[in-house]
Amino acid sequence: MSDQLRDELLKRVSDVMRAEDSANNSSENESQRAQAVLARVMENVQCEERPWRYVKRPYWLSSRSFRGRVVVTASVAFAMILLAGVLVSIVGGNSRLDSPITTSRQSGKSLITKQVGSTALPRHGTWLLADGSLSGTWQQIPVGPPGVGVTCPTASACYEMDEVTAAPVETSPLLSVSFYASTDDGVTWTEYSMPSGFSPTTTLSCGSDSDCDAGGTYNGQSVLVSTTNAGHSFTVSPLPTTVGTLFSLSCSSDQFCGGLASEEAPYSPFAHPDALGDGKPTDATFLSTDDGGSTFTSTAITAGNSLWTLECTSSLDCVALGDQGSLSDGTTDWAEGVMETTNDGGNTWTSASLPSGFTVGNDSVLSCADALNCSVSGQISVTFENPPACAANQPSNSPTSLPVNAGTPSSAIEAIVQFESSLINSANLQATPNTDDFGCTWPPETRVSDIVSTTDGGNTWTPEKLPASVVAPVLRGLSCPTDNDCWASGYDENVQGVPNQSVLLGTTDGGSTWSTVTFNGPSFPDGIGRISCPTANVCMANGVGMADAASLPFYRLAIPSSTT
(Lines give C-alpha, C1' and ligand atoms only; values in the text may rest on other atoms or scores of the structure.)
Protein backbone atom coordinates (compact mmCIF):
# COMPACT_ATOMS: atom_id res chain seq x y z
CA MET A 1 0.00 0.00 0.00
CA SER A 2 1.33 3.45 -0.86
CA ASP A 3 2.07 6.08 1.76
CA GLN A 4 -0.43 8.30 -0.03
CA LEU A 5 -3.29 5.82 0.52
CA ARG A 6 -2.33 5.27 4.15
CA ASP A 7 -2.17 9.01 4.82
CA GLU A 8 -5.53 9.50 3.12
CA LEU A 9 -7.16 6.81 5.29
CA LEU A 10 -5.70 8.27 8.49
CA LYS A 11 -6.89 11.72 7.46
CA ARG A 12 -10.44 10.50 6.81
CA VAL A 13 -10.65 8.67 10.14
CA SER A 14 -9.39 11.77 11.98
CA ASP A 15 -11.87 14.01 10.12
CA VAL A 16 -14.83 11.75 10.96
CA MET A 17 -13.88 11.43 14.64
CA ARG A 18 -13.42 15.20 14.98
CA ALA A 19 -16.77 15.83 13.34
CA GLU A 20 -18.52 13.33 15.62
CA ASP A 21 -16.88 14.87 18.71
CA SER A 22 -18.72 18.12 18.04
CA ALA A 23 -21.92 16.62 16.58
CA ASN A 24 -23.02 14.02 19.11
CA ASN A 25 -22.42 12.36 22.43
CA SER A 26 -21.69 8.80 21.35
CA SER A 27 -21.94 6.16 24.05
CA GLU A 28 -19.37 3.97 22.28
CA ASN A 29 -16.08 3.52 24.09
CA GLU A 30 -12.98 4.75 22.29
CA SER A 31 -11.97 1.40 20.82
CA GLN A 32 -15.47 0.55 19.56
CA ARG A 33 -15.93 4.00 18.15
CA ALA A 34 -12.62 3.90 16.27
CA GLN A 35 -13.57 0.58 14.71
CA ALA A 36 -17.01 1.91 13.71
CA VAL A 37 -15.47 5.04 12.20
CA LEU A 38 -12.95 2.93 10.30
CA ALA A 39 -15.78 0.81 8.87
CA ARG A 40 -17.68 3.91 7.73
CA VAL A 41 -14.58 5.38 6.12
CA MET A 42 -13.81 2.15 4.27
CA GLU A 43 -17.41 1.94 3.06
CA ASN A 44 -17.05 5.44 1.63
CA VAL A 45 -13.76 4.49 -0.01
CA GLN A 46 -15.34 1.44 -1.63
CA CYS A 47 -18.31 3.50 -2.82
CA GLU A 48 -15.92 5.90 -4.49
CA GLU A 49 -14.26 2.99 -6.29
CA ARG A 50 -17.61 1.70 -7.71
CA PRO A 51 -18.74 3.24 -11.08
CA TRP A 52 -21.94 5.23 -11.15
CA ARG A 53 -23.19 3.29 -14.25
CA TYR A 54 -22.19 0.24 -16.16
CA VAL A 55 -20.24 0.94 -19.38
CA LYS A 56 -19.46 -1.79 -21.86
CA ARG A 57 -15.77 -1.81 -22.66
CA PRO A 58 -13.55 -3.70 -25.06
CA TYR A 59 -12.15 -6.91 -23.63
CA TRP A 60 -8.65 -5.61 -23.19
CA LEU A 61 -9.90 -2.59 -21.30
CA SER A 62 -12.15 -4.76 -19.12
CA SER A 63 -9.25 -7.07 -18.27
CA ARG A 64 -7.05 -4.15 -17.37
CA SER A 65 -9.81 -2.61 -15.31
CA PHE A 66 -10.39 -5.95 -13.53
CA ARG A 67 -6.73 -6.23 -12.66
CA GLY A 68 -6.82 -2.65 -11.44
CA ARG A 69 -9.82 -3.37 -9.23
CA VAL A 70 -7.99 -6.40 -7.80
CA VAL A 71 -5.00 -4.22 -6.97
CA VAL A 72 -7.21 -1.51 -5.44
CA THR A 73 -9.20 -4.07 -3.42
CA ALA A 74 -6.01 -5.68 -2.14
CA SER A 75 -4.58 -2.28 -1.24
CA VAL A 76 -7.76 -1.29 0.57
CA ALA A 77 -7.83 -4.59 2.47
CA PHE A 78 -4.18 -4.16 3.46
CA ALA A 79 -4.91 -0.56 4.44
CA MET A 80 -7.77 -1.69 6.67
CA ILE A 81 -5.53 -4.20 8.46
CA LEU A 82 -2.70 -1.72 8.91
CA LEU A 83 -4.95 1.14 9.94
CA ALA A 84 -6.81 -1.09 12.41
CA GLY A 85 -3.45 -1.96 13.98
CA VAL A 86 -2.55 1.71 14.22
CA LEU A 87 -5.87 2.53 15.85
CA VAL A 88 -5.56 -0.29 18.37
CA SER A 89 -2.11 0.96 19.35
CA ILE A 90 -3.60 4.42 19.84
CA VAL A 91 -6.81 3.63 21.69
CA GLY A 92 -5.72 0.45 23.43
CA GLY A 93 -6.84 -3.04 22.65
CA ASN A 94 -7.99 -5.83 24.92
CA SER A 95 -5.31 -8.38 23.98
CA ARG A 96 -2.29 -8.98 26.20
CA LEU A 97 1.02 -7.43 25.18
CA ASP A 98 3.86 -9.83 24.46
CA SER A 99 6.32 -7.17 23.31
CA PRO A 100 6.65 -3.36 23.47
CA ILE A 101 4.40 -1.15 21.32
CA THR A 102 4.94 2.51 20.44
CA THR A 103 2.30 5.16 19.89
CA SER A 104 2.19 7.48 16.90
CA ARG A 105 3.99 10.80 17.15
CA GLN A 106 1.91 13.67 18.55
CA SER A 107 2.52 17.41 18.59
CA GLY A 108 0.94 18.29 21.96
CA LYS A 109 -0.83 21.45 22.98
CA SER A 110 0.36 24.43 24.97
CA LEU A 111 -1.05 25.36 28.36
CA ILE A 112 -2.64 28.78 28.25
CA THR A 113 -0.53 31.60 29.62
CA LYS A 114 -3.20 32.48 32.15
CA GLN A 115 -6.60 31.23 33.13
CA VAL A 116 -9.70 32.83 31.64
CA GLY A 117 -10.64 35.91 33.61
CA SER A 118 -7.39 35.87 35.57
CA THR A 119 -5.20 38.94 35.80
CA ALA A 120 -2.36 37.06 37.46
CA LEU A 121 1.03 37.72 35.91
CA PRO A 122 4.39 36.11 36.61
CA ARG A 123 5.78 37.37 39.91
CA HIS A 124 9.44 37.84 40.67
CA GLY A 125 11.41 38.52 43.82
CA THR A 126 14.55 37.78 45.78
CA TRP A 127 15.08 35.31 48.57
CA LEU A 128 17.68 34.84 51.25
CA LEU A 129 18.57 32.09 53.67
CA ALA A 130 18.11 33.33 57.21
CA ASP A 131 21.77 32.79 58.06
CA GLY A 132 22.80 34.99 55.13
CA SER A 133 24.91 32.29 53.47
CA LEU A 134 23.07 32.16 50.18
CA SER A 135 20.73 34.39 48.20
CA GLY A 136 18.95 34.15 44.90
CA THR A 137 15.84 34.98 42.90
CA TRP A 138 12.49 33.33 42.56
CA GLN A 139 9.73 33.45 39.98
CA GLN A 140 6.11 32.37 40.26
CA ILE A 141 4.51 31.19 37.02
CA PRO A 142 0.71 31.48 37.50
CA VAL A 143 -0.19 28.64 35.12
CA GLY A 144 1.77 25.46 35.57
CA PRO A 145 0.92 21.77 35.27
CA PRO A 146 -1.88 20.52 37.56
CA GLY A 147 0.14 17.61 38.96
CA VAL A 148 2.01 17.58 42.25
CA GLY A 149 5.16 15.61 41.40
CA VAL A 150 7.48 17.71 39.26
CA THR A 151 10.78 16.14 38.24
CA CYS A 152 13.58 18.06 36.53
CA PRO A 153 16.47 15.99 35.14
CA THR A 154 18.31 19.14 34.00
CA ALA A 155 18.25 22.82 34.85
CA SER A 156 15.97 23.59 31.88
CA ALA A 157 13.89 20.43 31.36
CA CYS A 158 11.01 19.64 33.73
CA TYR A 159 8.21 17.09 33.48
CA GLU A 160 4.94 16.29 35.21
CA MET A 161 2.23 13.63 34.97
CA ASP A 162 -1.37 14.07 36.02
CA GLU A 163 -4.54 12.01 35.94
CA VAL A 164 -7.87 13.20 34.61
CA THR A 165 -10.71 11.56 36.55
CA ALA A 166 -14.48 11.81 36.39
CA ALA A 167 -14.55 13.69 39.72
CA PRO A 168 -11.94 15.02 42.20
CA VAL A 169 -12.53 12.22 44.71
CA GLU A 170 -10.70 9.01 45.52
CA THR A 171 -11.61 5.92 43.49
CA SER A 172 -13.21 8.11 40.82
CA PRO A 173 -13.00 6.49 37.35
CA LEU A 174 -9.84 7.35 35.45
CA LEU A 175 -10.50 9.06 32.11
CA SER A 176 -7.00 9.78 30.80
CA VAL A 177 -3.43 10.59 31.80
CA SER A 178 -1.61 13.74 30.70
CA PHE A 179 2.13 14.29 30.37
CA TYR A 180 3.47 17.84 30.71
CA ALA A 181 6.84 19.04 29.44
CA SER A 182 8.78 22.27 29.80
CA THR A 183 12.10 23.10 28.17
CA ASP A 184 12.46 26.66 29.48
CA ASP A 185 12.75 26.27 33.26
CA GLY A 186 9.01 25.82 33.77
CA VAL A 187 7.94 29.10 32.17
CA THR A 188 5.85 27.44 29.45
CA TRP A 189 4.38 23.93 29.32
CA THR A 190 3.15 21.56 26.62
CA GLU A 191 0.57 18.86 27.32
CA TYR A 192 0.71 15.43 25.67
CA SER A 193 -1.63 12.45 25.94
CA MET A 194 -0.25 9.26 27.43
CA PRO A 195 -1.46 5.95 25.91
CA SER A 196 -5.18 5.32 26.32
CA GLY A 197 -5.67 2.40 28.69
CA PHE A 198 -2.64 3.37 30.81
CA SER A 199 -3.21 3.78 34.55
CA PRO A 200 -0.14 4.92 36.56
CA THR A 201 0.92 3.35 39.87
CA THR A 202 4.20 5.26 40.26
CA THR A 203 5.23 8.86 39.96
CA LEU A 204 7.19 10.01 36.94
CA SER A 205 10.98 9.47 36.81
CA CYS A 206 13.19 11.11 34.18
CA GLY A 207 16.73 9.88 33.49
CA SER A 208 17.73 12.57 30.98
CA ASP A 209 16.49 15.79 29.40
CA SER A 210 14.08 13.93 27.08
CA ASP A 211 13.63 10.47 28.65
CA CYS A 212 10.92 9.77 31.24
CA ASP A 213 9.27 6.60 32.56
CA ALA A 214 6.31 5.60 34.72
CA GLY A 215 5.03 2.27 35.98
CA GLY A 216 1.41 1.21 35.91
CA THR A 217 -1.10 -0.95 34.09
CA TYR A 218 -2.18 -0.97 30.45
CA ASN A 219 -5.67 -2.41 30.05
CA GLY A 220 -5.03 -4.25 33.30
CA GLN A 221 -1.58 -5.58 32.38
CA SER A 222 1.51 -4.44 34.37
CA VAL A 223 3.74 -2.27 32.18
CA LEU A 224 6.47 0.36 32.01
CA VAL A 225 5.58 3.38 29.86
CA SER A 226 8.50 5.37 28.44
CA THR A 227 9.17 8.35 26.23
CA THR A 228 12.51 9.15 24.63
CA ASN A 229 11.40 12.36 22.90
CA ALA A 230 9.90 14.40 25.74
CA GLY A 231 6.32 13.18 25.27
CA HIS A 232 5.89 13.17 21.49
CA SER A 233 5.43 9.38 21.59
CA PHE A 234 5.38 6.61 24.19
CA THR A 235 6.48 2.99 24.32
CA VAL A 236 4.47 0.53 26.42
CA SER A 237 6.61 -2.38 27.64
CA PRO A 238 5.02 -5.38 29.38
CA LEU A 239 6.57 -6.46 32.70
CA PRO A 240 7.42 -10.05 33.54
CA THR A 241 4.25 -11.82 34.65
CA THR A 242 5.74 -12.98 37.98
CA VAL A 243 6.69 -9.66 39.60
CA GLY A 244 3.37 -7.84 40.03
CA THR A 245 3.04 -4.11 39.39
CA LEU A 246 5.53 -1.27 39.89
CA PHE A 247 4.78 1.03 42.82
CA SER A 248 8.07 2.98 42.89
CA LEU A 249 10.43 3.87 40.06
CA SER A 250 13.80 5.63 39.76
CA CYS A 251 15.68 6.16 36.48
CA SER A 252 19.32 7.22 36.72
CA SER A 253 19.92 7.46 32.96
CA ASP A 254 18.12 7.30 29.62
CA GLN A 255 18.57 3.50 29.61
CA PHE A 256 18.55 2.37 33.25
CA CYS A 257 15.53 2.31 35.54
CA GLY A 258 15.11 0.49 38.83
CA GLY A 259 11.80 -0.11 40.54
CA LEU A 260 9.93 -1.84 43.34
CA ALA A 261 7.21 -4.21 42.16
CA SER A 262 4.63 -6.19 44.07
CA GLU A 263 1.07 -7.48 44.08
CA GLU A 264 0.50 -5.32 47.16
CA ALA A 265 1.79 -1.92 48.22
CA PRO A 266 1.65 0.01 51.50
CA TYR A 267 0.95 3.15 49.53
CA SER A 268 -0.12 4.03 46.02
CA PRO A 269 0.40 7.62 44.83
CA PHE A 270 -2.76 7.34 42.76
CA ALA A 271 -6.15 6.43 44.24
CA HIS A 272 -8.38 4.71 41.72
CA PRO A 273 -9.91 1.25 41.34
CA ASP A 274 -6.90 -0.43 39.70
CA ALA A 275 -4.28 1.04 42.05
CA LEU A 276 -2.30 -1.35 44.22
CA GLY A 277 -3.84 -2.48 47.50
CA ASP A 278 -3.01 -0.58 50.67
CA GLY A 279 -2.11 -1.73 54.16
CA LYS A 280 -0.11 -4.91 53.56
CA PRO A 281 3.62 -5.74 53.50
CA THR A 282 4.89 -5.35 49.95
CA ASP A 283 7.31 -8.28 49.91
CA ALA A 284 8.82 -6.22 47.09
CA THR A 285 10.81 -7.40 44.11
CA PHE A 286 13.56 -5.20 42.66
CA LEU A 287 12.94 -4.84 38.93
CA SER A 288 15.45 -3.18 36.63
CA THR A 289 16.06 -2.54 32.94
CA ASP A 290 19.23 -1.28 31.28
CA ASP A 291 17.89 -1.10 27.73
CA GLY A 292 14.94 1.24 28.12
CA GLY A 293 12.38 -1.48 28.87
CA SER A 294 13.12 -4.06 26.20
CA THR A 295 14.24 -6.58 28.84
CA PHE A 296 13.94 -6.75 32.62
CA THR A 297 15.87 -8.35 35.48
CA SER A 298 14.19 -9.12 38.81
CA THR A 299 15.66 -10.01 42.22
CA ALA A 300 14.06 -10.50 45.62
CA ILE A 301 14.97 -8.09 48.41
CA THR A 302 13.89 -9.20 51.89
CA ALA A 303 10.97 -11.54 52.52
CA GLY A 304 8.15 -9.85 54.41
CA ASN A 305 9.49 -6.34 53.85
CA SER A 306 7.24 -3.30 53.66
CA LEU A 307 9.08 -0.85 51.41
CA TRP A 308 7.75 2.49 50.24
CA THR A 309 10.05 4.14 47.74
CA LEU A 310 13.30 3.70 45.81
CA GLU A 311 16.05 5.94 44.50
CA CYS A 312 18.86 4.83 42.17
CA THR A 313 21.88 7.09 41.68
CA SER A 314 23.47 4.72 39.14
CA SER A 315 22.84 1.35 37.52
CA LEU A 316 24.61 -0.27 40.49
CA ASP A 317 23.58 1.87 43.47
CA CYS A 318 19.99 1.94 44.71
CA VAL A 319 18.36 2.68 48.06
CA ALA A 320 14.88 1.54 49.15
CA LEU A 321 13.01 3.13 52.04
CA GLY A 322 10.35 1.35 54.08
CA ASP A 323 8.99 0.84 57.56
CA GLN A 324 9.09 -1.81 60.26
CA GLY A 325 5.39 -1.75 61.03
CA SER A 326 2.38 -3.14 59.21
CA LEU A 327 -0.40 -0.70 58.44
CA SER A 328 -2.95 -3.32 59.47
CA ASP A 329 -1.74 -3.81 63.04
CA GLY A 330 -3.68 -0.93 64.59
CA THR A 331 -1.05 1.78 64.13
CA THR A 332 -1.30 4.83 61.94
CA ASP A 333 0.31 4.92 58.52
CA TRP A 334 3.62 6.05 60.04
CA ALA A 335 6.11 3.57 61.51
CA GLU A 336 9.80 3.25 62.31
CA GLY A 337 11.91 3.37 59.16
CA VAL A 338 14.13 0.78 57.53
CA MET A 339 16.56 1.11 54.61
CA GLU A 340 17.67 -1.46 52.05
CA THR A 341 20.74 -0.69 49.93
CA THR A 342 22.44 -2.37 46.98
CA ASN A 343 25.76 -1.55 45.31
CA ASP A 344 25.75 -4.34 42.72
CA GLY A 345 22.62 -3.61 40.72
CA GLY A 346 20.23 -5.45 43.03
CA ASN A 347 21.99 -8.81 43.33
CA THR A 348 22.53 -8.36 47.08
CA TRP A 349 20.89 -6.05 49.62
CA THR A 350 21.95 -4.73 53.03
CA SER A 351 19.42 -3.71 55.69
CA ALA A 352 19.80 -0.76 58.05
CA SER A 353 17.43 0.86 60.56
CA LEU A 354 16.65 4.54 60.77
CA PRO A 355 16.83 6.20 64.21
CA SER A 356 14.28 4.93 66.71
CA GLY A 357 11.47 7.43 67.18
CA PHE A 358 11.69 8.67 63.59
CA THR A 359 8.77 7.48 61.45
CA VAL A 360 8.28 7.27 57.72
CA GLY A 361 5.04 7.12 55.74
CA ASN A 362 3.31 7.92 52.50
CA ASP A 363 4.48 11.54 52.48
CA SER A 364 8.13 10.72 53.25
CA VAL A 365 10.63 11.69 50.56
CA LEU A 366 13.97 9.97 49.91
CA SER A 367 16.69 11.97 48.15
CA CYS A 368 20.22 10.71 47.47
CA ALA A 369 23.07 12.75 45.99
CA ASP A 370 25.13 9.58 45.50
CA ALA A 371 25.50 6.07 46.89
CA LEU A 372 26.69 7.29 50.31
CA ASN A 373 24.78 10.52 50.91
CA CYS A 374 21.00 10.27 51.40
CA SER A 375 18.37 12.26 53.29
CA VAL A 376 14.86 11.22 54.35
CA SER A 377 11.94 13.34 55.47
CA GLY A 378 9.73 11.82 58.14
CA GLN A 379 7.96 12.64 61.37
CA ILE A 380 8.57 12.59 65.10
CA SER A 381 5.86 12.48 67.75
CA VAL A 382 5.91 15.55 70.01
CA THR A 383 3.93 16.00 73.23
CA PHE A 384 3.06 19.51 74.37
CA GLU A 385 0.85 21.50 76.72
CA ASN A 386 -2.53 22.79 75.62
CA PRO A 387 -3.35 26.46 76.18
CA PRO A 388 -4.32 26.96 79.86
CA ALA A 389 -7.95 27.66 78.95
CA CYS A 390 -8.30 24.07 77.68
CA ALA A 391 -7.92 22.47 81.12
CA ALA A 392 -11.59 22.79 82.02
CA ASN A 393 -12.77 21.24 78.74
CA GLN A 394 -10.82 17.99 78.58
CA PRO A 395 -13.11 14.99 77.95
CA SER A 396 -12.93 12.23 80.54
CA ASN A 397 -12.42 9.56 77.86
CA SER A 398 -9.76 11.36 75.82
CA PRO A 399 -6.90 9.14 74.54
CA THR A 400 -3.52 9.48 76.16
CA SER A 401 -1.26 8.98 73.14
CA LEU A 402 -1.20 8.60 69.38
CA PRO A 403 -1.11 5.03 67.98
CA VAL A 404 2.28 5.38 66.28
CA ASN A 405 4.68 2.45 65.96
CA ALA A 406 7.83 4.53 66.27
CA GLY A 407 9.91 2.90 68.97
CA THR A 408 11.53 4.66 71.90
CA PRO A 409 13.18 7.86 70.63
CA SER A 410 16.96 7.73 70.41
CA SER A 411 18.86 10.34 72.40
CA ALA A 412 19.37 12.48 69.29
CA ILE A 413 15.68 12.26 68.37
CA GLU A 414 14.63 12.96 71.98
CA ALA A 415 16.65 16.19 71.95
CA ILE A 416 14.74 17.33 68.86
CA VAL A 417 11.42 16.25 70.44
CA GLN A 418 12.12 18.46 73.46
CA PHE A 419 13.14 21.36 71.24
CA GLU A 420 9.97 21.10 69.13
CA SER A 421 7.83 20.70 72.27
CA SER A 422 9.20 23.93 73.72
CA LEU A 423 8.37 25.80 70.51
CA ILE A 424 4.76 24.55 70.55
CA ASN A 425 4.33 25.25 74.26
CA SER A 426 5.56 28.80 73.79
CA ALA A 427 3.12 29.32 70.90
CA ASN A 428 0.21 27.88 72.91
CA LEU A 429 0.86 30.19 75.86
CA GLN A 430 0.41 33.12 73.49
CA ALA A 431 -2.66 31.72 71.72
CA THR A 432 -5.73 33.92 72.03
CA PRO A 433 -9.15 32.23 72.37
CA ASN A 434 -11.47 32.49 69.34
CA THR A 435 -8.56 32.74 66.90
CA ASP A 436 -7.10 30.19 64.49
CA ASP A 437 -4.04 29.83 66.72
CA PHE A 438 -6.13 28.71 69.66
CA GLY A 439 -7.42 25.21 70.11
CA CYS A 440 -7.47 22.20 72.41
CA THR A 441 -6.02 18.85 71.32
CA TRP A 442 -6.38 15.48 73.03
CA PRO A 443 -4.09 13.78 73.39
CA PRO A 444 -1.82 16.87 73.48
CA GLU A 445 0.50 15.33 70.94
CA THR A 446 1.28 15.95 67.28
CA ARG A 447 3.61 14.70 64.58
CA VAL A 448 6.17 17.21 63.33
CA SER A 449 8.30 16.80 60.21
CA ASP A 450 12.01 16.22 60.53
CA ILE A 451 14.92 15.09 58.36
CA VAL A 452 17.58 12.43 58.96
CA SER A 453 20.68 11.99 56.79
CA THR A 454 23.45 9.48 56.22
CA THR A 455 26.94 9.96 54.76
CA ASP A 456 27.96 6.29 54.83
CA GLY A 457 25.25 4.58 52.82
CA GLY A 458 22.84 4.04 55.71
CA ASN A 459 25.10 2.57 58.39
CA THR A 460 24.60 5.62 60.61
CA TRP A 461 21.97 8.35 60.56
CA THR A 462 21.95 11.89 61.93
CA PRO A 463 18.67 13.62 62.90
CA GLU A 464 18.72 17.26 61.85
CA LYS A 465 17.37 20.17 63.86
CA LEU A 466 15.10 22.44 61.82
CA PRO A 467 14.90 26.22 62.42
CA ALA A 468 13.04 27.60 65.45
CA SER A 469 11.22 30.02 63.13
CA VAL A 470 9.18 27.08 61.82
CA VAL A 471 7.07 25.91 64.77
CA ALA A 472 5.37 22.84 63.29
CA PRO A 473 6.63 22.17 59.76
CA VAL A 474 4.89 19.77 57.37
CA LEU A 475 7.38 18.83 54.66
CA ARG A 476 6.13 17.62 51.26
CA GLY A 477 9.32 17.90 49.22
CA LEU A 478 13.04 17.18 49.63
CA SER A 479 15.78 17.40 47.01
CA CYS A 480 19.53 17.04 47.58
CA PRO A 481 21.50 17.66 44.37
CA THR A 482 24.89 17.38 46.14
CA ASP A 483 26.20 15.94 49.40
CA ASN A 484 26.17 19.44 50.92
CA ASP A 485 23.11 21.10 49.38
CA CYS A 486 19.52 20.16 50.21
CA TRP A 487 16.20 21.94 49.90
CA ALA A 488 12.97 21.08 51.71
CA SER A 489 9.50 22.44 50.95
CA GLY A 490 6.07 22.40 52.57
CA TYR A 491 4.14 24.58 54.94
CA ASP A 492 3.99 25.55 58.58
CA GLU A 493 0.91 24.88 60.69
CA ASN A 494 -0.07 25.41 64.27
CA VAL A 495 -0.86 22.41 66.44
CA GLN A 496 -4.54 22.69 65.58
CA GLY A 497 -3.76 21.82 61.97
CA VAL A 498 -4.41 25.27 60.49
CA PRO A 499 -2.00 26.05 57.62
CA ASN A 500 -0.02 29.16 58.41
CA GLN A 501 2.54 29.88 55.71
CA SER A 502 4.66 28.30 53.04
CA VAL A 503 7.99 26.87 54.12
CA LEU A 504 11.20 26.58 52.14
CA LEU A 505 14.29 25.41 54.00
CA GLY A 506 17.86 25.06 52.79
CA THR A 507 21.20 23.72 53.93
CA THR A 508 24.63 24.17 52.38
CA ASP A 509 26.61 22.18 54.93
CA GLY A 510 25.16 18.71 54.57
CA GLY A 511 22.34 19.28 57.06
CA SER A 512 24.39 20.45 60.04
CA THR A 513 22.33 23.63 59.97
CA TRP A 514 19.06 24.37 58.17
CA SER A 515 17.87 27.90 57.45
CA THR A 516 14.52 29.37 56.54
CA VAL A 517 14.22 31.13 53.20
CA THR A 518 12.77 34.61 53.51
CA PHE A 519 11.20 36.36 50.53
CA ASN A 520 11.59 39.96 49.48
CA GLY A 521 8.34 40.45 47.65
CA PRO A 522 5.22 38.28 47.30
CA SER A 523 5.72 34.87 48.91
CA PHE A 524 4.00 31.55 48.22
CA PRO A 525 0.53 31.83 49.79
CA ASP A 526 -0.82 28.27 49.67
CA GLY A 527 2.19 26.14 50.46
CA ILE A 528 4.86 24.50 48.32
CA GLY A 529 4.52 20.93 47.11
CA ARG A 530 7.24 18.74 45.68
CA ILE A 531 10.58 20.37 44.90
CA SER A 532 13.14 19.18 42.34
CA CYS A 533 16.69 20.57 42.24
CA PRO A 534 18.71 19.23 39.30
CA THR A 535 21.71 21.30 40.41
CA ALA A 536 22.76 23.22 43.51
CA ASN A 537 21.87 26.43 41.67
CA VAL A 538 18.37 25.74 40.34
CA CYS A 539 15.18 24.39 41.95
CA MET A 540 11.66 23.96 40.60
CA ALA A 541 8.63 23.49 42.84
CA ASN A 542 4.93 22.72 42.52
CA GLY A 543 2.32 25.07 43.87
CA VAL A 544 -0.61 23.81 45.91
CA GLY A 545 -4.26 24.12 44.90
CA MET A 546 -7.57 22.37 44.42
CA ALA A 547 -7.49 18.72 43.33
CA ASP A 548 -9.53 19.39 40.18
CA ALA A 549 -7.70 22.56 39.14
CA ALA A 550 -6.86 22.81 35.44
CA SER A 551 -3.48 24.27 36.37
CA LEU A 552 -1.47 25.22 39.44
CA PRO A 553 1.19 27.86 40.14
CA PHE A 554 4.77 26.78 39.48
CA TYR A 555 7.90 28.14 41.13
CA ARG A 556 11.47 28.52 39.99
CA LEU A 557 14.33 29.42 42.32
CA ALA A 558 17.79 30.28 41.03
CA ILE A 559 21.13 31.00 42.69
CA PRO A 560 23.81 33.00 40.86
CA SER A 561 26.63 30.62 39.98
CA SER A 562 29.21 33.01 41.40
CA THR A 563 27.89 32.50 44.95
CA THR A 564 28.45 28.73 45.10
Side-chain angles (χ1 to χ4, degrees), residues 127-131 133-136 138 148-152 203 308-309 311 321 334 337 354-355 358-369 373-380 382 413 416 419-420 423 447-455 461-493 499-519 523-524 526-544 554-559:
W127 57 268
L128 177 72
L129 286 180
D131 62 6
S133 64
L134 205 61
S135 62
W138 68 270
V148 292
V150 65
T151 179
C152 303
T203 54
W308 294 81
T309 187
E311 179 152 2
L321 173 68
W334 294 82
L354 274 67
F358 179 86
T359 66
V360 298
N362 59 351
D363 287 326
S364 290
V365 181
L366 167 67
S367 183
C368 300
N373 294 273
C374 291
S375 296
V376 175
S377 65
Q379 294 184 346
I380 58 176
V382 177
I413 290 291
I416 295 177
F419 171 72
E420 294 288 347
L423 294 179
R447 292 192 296 273
V448 174
S449 289
D450 195 34
I451 296 170
V452 298
S453 296
T454 180
T455 58
W461 293 87
T462 301
E464 297 172 359
K465 185 178 178 180
L466 300 183
S469 58
V470 183
V471 175
V474 177
L475 300 180
R476 292 290 181 260
L478 179 67
S479 185
C480 303
T482 74
D483 55 359
N484 286 319
D485 300 272
C486 281
W487 301 94
S489 56
Y491 60 92
D492 184 16
E493 67 178 10
N500 186 13
Q501 61 182 356
S502 295
V503 166
L504 183 63
L505 307 175
T507 179
T508 57
D509 56 14
S512 296
T513 57
W514 284 84
S515 297
T516 305
V517 170
T518 57
F519 298 93
S523 62
F524 308 157
D526 298 318
I528 308 174
R530 183 171 173 175
I531 190 169
S532 180
C533 304
T535 71
N537 299 76
V538 175
C539 290
M540 311 292 179
N542 288 114
V544 177
F554 190 79
Y555 303 104
R556 179 181 186 273
L557 297 102
I559 307 163

- request: Determine which pairs satisfy side-chain hydrogen bond (donor to acceptor under 3.5 Å, both in side chains) with at least one residue from residues 469-479, sequence neighbours left out, and list them in order.
  value: S469-T516
field: Heavy-atom side-chain proximity of V544 to Y491 below 4.5 angstrom
entry: no
query: Got I451 and T507 here, is their nearest side-chain heavy-atom distance under 4.5 Å?
result: no
field: Residues that E311 engages under side-chain hydrogen bond (donor to acceptor under 3.5 Å, both in side chains), provided they are two or more places apart
entry: none
4.5 Å side-chain heavy-atom contact, V360 and L366: no
query: Does the side chain of W127 reach to within under 4.5 Å of the side chain of I559, using non-hydrogen atoms?
result: yes
field: Side chain proximity check, T309 to S364, heavy atoms < 4.5 angstrom
entry: no
- request: Compare the SG-SG distance of C152 and C533 against 2.5 Å and report whether it is shorter.
  value: no
message: Using modelled atom types and a 3.5 Å cut-off, is there a donor and acceptor pairing between side-chain atoms of D492 and backbone atoms of V503?
response: no
query: From I416 CD1 over to D450 CG, what is the distance, rounded to the nearest 0.5 angstrom?
result: 4.5 Å
query: Is the ring centre of W487 less than 6.0 Å from the ring centre of W138?
result: no
query: Does A130 offer a backbone N or O that forms a donor-acceptor pair with the side chain of T518 under 3.5 Å?
result: no
- prompt: Roughly how far, to the nearest 0.5 Å, is OG of S515 from CG of L505?
  reply: 8.5 Å
task: Answer yes or no: is the gap between the SG atoms of C374 and C480 smaller than 2.5 Å?
output: no
query: Can you find a pair of side-chain heavy atoms, one from I531 and one from L504, that are under 4.5 Å apart?
result: yes
Test item: T454 side-chain N/O and W461 main-chain N/O as donor-acceptor pair under 3.5 Å: no
